[in-house]
Novice: 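Following this message is one structure expressed as structure tokens.
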There are 2 protein chains.
Amino acid sequence: MSDKLDIDQIDRKILDVLQRDTNQSIADIGSKVGLSQTPCWKRIQRLERLGIIQKRVALLDASKLDLSVTAFVTISVGDHSEPALQRFRTEASRFPEVLDIHRMAGEHDYILRVVLPTVNAYDTFYRKLIDTVSVPLKKVTSHFAIESVKATTALPIIAAPERRLEAAE
Amino acid sequence: MSDKLDIDQIDRKILDVLQRDTNQSIADIGSKVGLSQTPCWKRIQRLERLGIIQKRVALLDASKLDLSVTAFVTISVGDHSEPALQRFRTEASRFPEVLDIHRMAGEHDYILRVVLPTVNAYDTFYRKLIDTVSVPLKKVTSHFAIESVKATTALPIIAAPERRLEAAE
DNA sequence: CGTGAAAAGCACCCGAC
DNA sequence: GTCGGGTGCTTTTCACG
């Protein structure tokens, strides 16, 4: 009824292919990982059943949707009681502009990644956030990203690809 | 030959559905946004052609893949000349552990989001990074995430859903 | 934009090897 | 694990209103 969580190298290859592009037939994926349709399909089913494949989604181009401002907000809360923390989390999570919330070790309690159309909108968001969480925030600092150098959702699951020696050197 | 970048409310609904789950038939999506198959399909094609839908991917569960450590690394580079910056970017981008690189305004030059199996692995990564970029780094600070409170790839594209009044208040 | 429908491809599920 | 095959859903493409 339940599977062990054994993931071999072929499973990892399948995952790596899928986390980069799900627009491929199972036969295609199979040939990329050295498997024929049937077993490849079975493995994918299993990986989905195990929850290792969480979901399949479309990634959109933020800049083409008027969402050019990314900000990281570091927050130190003033009240560390459980109910206060819980309230902070659920309230902050409600904002669709807040894509990620990480609880941190050390200096800050939380880091939020926020995406918005303009810096102006950030100001509005910022006030609404402080208002809504109804928890005293000790320190809130905003850091704005100007440019995205790299952005991927693909996890490093293949045994770190050996860096090839540059041919041109 | 080319389309204007006009996205109406129905397009946004389609995008919102797709950025949460691509495992649905076009008929399903259509019914969710109030469209029948054919026009819904045509809109999706257009959104793909325009590059607003960048790609379709599988999202994996990092914790089930032995990738429980997330770190944010803030970096200030010592040499701001173009070739040095360029070298830093391309070299840092090569690391599969580095999921995101943002160029920042203000205090830090860059923020990296790094995913790794253990804190031990972070140490190895850290040294390799400093070694590889071969650019003097003025200041490198590591911030570790202990817990993920929220994590989504879904952009806030629907006109901010009005916060409903809580019924229980 | 809608309907209806046809063609092709694919996911999905066999059983045999 | 492989292969071949079959069924039904879906995508993709029509014609027509």
Side-chain angles (χ1 to χ4, degrees), chain A residues 1-61 64-66 153-155 157-159, chain B residues 1-61 64-66 153-155 157-159:
Chain A
M1 184 155 268
S2 71
D3 289 73
K4 290 282 322 268
L5 217 145
D6 291 326
I7 309 298
D8 65 15
Q9 214 45 42
I10 297 184
D11 284 326
R12 289 183 176 272
K13 279 190 191 172
I14 292 175
L15 292 170
D16 196 46
V17 169
L18 283 176
Q19 74 175 342
R20 291 169 201 286
D21 181 16
T22 54
N23 266 337
Q24 313 169 66
S25 70
I26 293 184
D28 285 346
I29 300 167
S31 75
K32 286 185 184 171
V33 305
L35 237 49
S36 60
Q37 269 204 32
T38 313
C40 185
W41 180 82
K42 280 181 185 163
R43 279 171 184 263
I44 292 173
Q45 293 305 308
R46 177 170 164 272
L47 292 168
E48 243 147 26
R49 198 158 17 87
L50 290 174
I52 294 174
I53 296 175
Q54 289 189 316
K55 51 182 175 173
R56 293 153 185 260
V57 303
L59 299 182
L60 311 181
D61 185 329
K64 289 183 175 151
L65 288 163
D66 257 319
T153 57
L155 302 174
I157 50 177
I158 300 287
Chain B
M1 184 156 266
S2 72
D3 288 73
K4 289 283 322 268
L5 217 146
D6 291 327
I7 308 298
D8 64 16
Q9 213 46 41
I10 297 182
D11 285 325
R12 287 181 178 273
K13 279 190 191 171
I14 293 175
L15 292 171
D16 197 46
V17 169
L18 284 176
Q19 75 174 341
R20 292 170 201 285
D21 181 15
T22 54
N23 266 338
Q24 312 168 68
S25 70
I26 295 183
D28 285 346
I29 301 167
S31 76
K32 285 185 185 172
V33 305
L35 239 48
S36 60
Q37 267 206 32
T38 313
C40 184
W41 181 82
K42 280 181 184 163
R43 279 172 183 262
I44 293 174
Q45 292 305 309
R46 176 169 164 273
L47 293 168
E48 244 147 24
R49 199 160 11 92
L50 292 173
I52 293 173
I53 296 175
Q54 288 188 317
K55 51 182 175 174
R56 292 153 185 260
V57 302
L59 299 183
L60 312 182
D61 186 328
K64 290 183 174 149
L65 289 162
D66 257 319
T153 56
L155 302 174
I157 50 176
I158 299 288

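The sequence lines fix the lettering, A, B, ..., with proteins before strands; numbering per chain opens at 1.
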Novice: Between D:dT7 atom C1' and A:Trp41 atom CH2, what is the distance in whole Å?
Specialist: 14 Å
Novice: If you assign B:Ile10 and A:Lys42 each to the DNA chain C nucleotide with the nearest heavy atom, which residue ends up on the more 5' nucleotide?
Specialist: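 Here B:Ile10 is the residue nearer the 5' end.
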Novice: Choose from D:dG1, C:dT3, D:dT11 the nucleotide whose nearest atom is closest to any side-chain atom of A:Pro39.
Specialist: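 Nearest to the side chain of A:Pro39 among the choices is D:dG1.
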Novice: Tell me which nucleotide among D:dT12, C:dG2, C:dC14 gets nearest to the side chain of B:Gln45.
Specialist: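 Of D:dT12, C:dG2, C:dC14, D:dT12 is nearest to the side chain of B:Gln45.
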Novice: Taking all non-hydrogen atoms of both residues, which atom of B:Ile29 and which atom of B:Cys40 are closest, and how far apart?
Specialist: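 Between these two residues, the closest heavy atoms are CG2-SG, 3.9 Å.
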Novice: I need the CZ-C1' distance between B:Arg46 and C:dC1, as an integer number of Å.
Specialist: 15 Å
Novice: Could you check if a side-chain atom of B:Ile7 sits within less than 4.5 angstrom of a side-chain atom of B:Leu47, using non-hydrogen atoms only?
Specialist: yes
Novice: Between B:Asp8 and B:Arg43, does any side-chain N to carboxylate O distance fall below 4.0 Å?
Specialist: yes
Novice: Kindly give the heavy-atom pair with the smallest separation between B:Asp21 and A:Val57, and that separation in Å.
Specialist: N-CG1, 4.3 Å
Novice: Does NZ belonging to A:Lys64 count more than 12 external heavy atoms closer than 6.0 Å?
Specialist: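 Correct, the count exceeds 12.
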Novice: Please state how far atom CD1 in A:Ile53 lies from atom C1' in C:dA11, giving the value in whole angstrom units.
Specialist: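 Distance check: A:Ile53 CD1 to C:dA11 C1' gives 15 Å.
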Novice: Do any of residues 21-37 of chain B sit with a heavy atom less than 4.0 Å from DNA chain D, and if so which?
Specialist: B:Gln24, B:Ser25, B:Ile26, B:Gln37
Novice: Quick check for you: to the nearest 0.5 Å, what is the distance between A:Ile14 atom CD1 and A:Ile157 atom CD1?
Specialist: 10.5 Å
Novice: Roughly, in whole Å, what's the span from CG in B:Asp8 to C1' in C:dC1?
Specialist: 12 Å
Novice: Quick test of your reading of the model: are B:Asp16 and B:Arg20 salt-bridged, counting only N-O distances below 4.0 Å?
Specialist: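 Yes, charged N to carboxylate O under 4.0 Å.
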Novice: Locate the shortest heavy-atom distance separating A:Gln19 from A:Ala154; write the atom from each residue and the value.
Specialist: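 Smallest interatomic distance, heavy atoms only, reads OE1-CA, 3.2 Å.
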Novice: How close do B:Gly51 and A:Asp61 get, counting heavy atoms only, and between which atoms?
Specialist: O-CB, 3.5 Å
Novice: How many whole angstroms separate atom CZ of A:Arg43 from atom C1' of C:dA11?
Specialist: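 Rounded to whole Å, this separation is 19 Å.
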Novice: Please convert DNA chain D into dot-bracket. A pair counts if it is Watson-Crick or G-U wobble with both distances under 3.5 Å; crossing pairs go in [ ] and bases paired with another strand get |.
Specialist: |||||.||||.||||||
